[in-house]
J.: 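So that we are looking at the same thing, I have put the structure below in structure tokens.
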Amino acid sequence: MVSSKNDHQRHGFGLKSVQRVIDRYDGAIKMYFDLPTLTFHTILTLRPEKC
């Protein structure tokens, strides 16, 4: 899915697109934000037999 925002250079794939891929491969996503380091973490797991 392409971003509908005006500045296309500053936007990524979007979480809806990521979620569709995760669903297609029977995977899971875990996201969390670490406030002290201002770091956003994303963990994706996919079932190997589906990839």
Side-chain angles (χ1 to χ4, degrees):
M1 175 177 275
V2 177
S3 176
S4 62
K5 297 179 181 162
N6 292 333
D7 187 357
H8 297 285
Q9 299 256 336
R10 299 184 65 113
H11 296 281
F13 291 105
L15 291 179
K16 287 181 184 178
S17 297
V18 172
Q19 187 64 56
R20 277 197 297 271
V21 172
I22 291 167
D23 292 344
R24 182 183 312 148
Y25 293 102
D26 198 20
I29 185 170
K30 181 176 181 178
M31 296 178 281
Y32 62 94
F33 182 73
D34 183 46
L35 189 57
T37 63
L38 300 176
T39 305
F40 181 75
H41 299 269
T42 304
I43 301 169
L44 304 173
T45 54
L46 303 173
R47 295 179 67 110
E49 63 271 8
K50 298 270 186 166
C51 294

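These numbers were taken from a predicted model, which means no experiment stands behind them.
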J.: When you group the ILVMFWY residues by side-chain heavy-atom contacts below 4.5 Å and let the links chain together, are Phe40 and Ile22 in the same group?
T.: yes
J.: For the pair Leu44 and Val18, evaluate side chain to side chain contact (heavy atoms under 4.5 Å, CB included) and give the outcome as yes or no after the intermediate values.
T.: CA-CA 9 Å; Leu44 304 173; Val18 172; 4.2 Å; yes
J.: Once side chain to side chain donor-acceptor pair (under 3.5 Å) is applied, what residue pairs with a partner in residues 27-36 remain, sequence neighbours excluded?
T.: Asp34-Thr37
J.: What residues form a side chain to side chain donor-acceptor pair (under 3.5 Å) with Thr42, not counting sequence neighbours?
T.: none
J.: Would you say Met31 and Phe33 are hydrophobically clustered, going by side-chain heavy atoms of ILVMFWY under 4.5 Å?
T.: yes
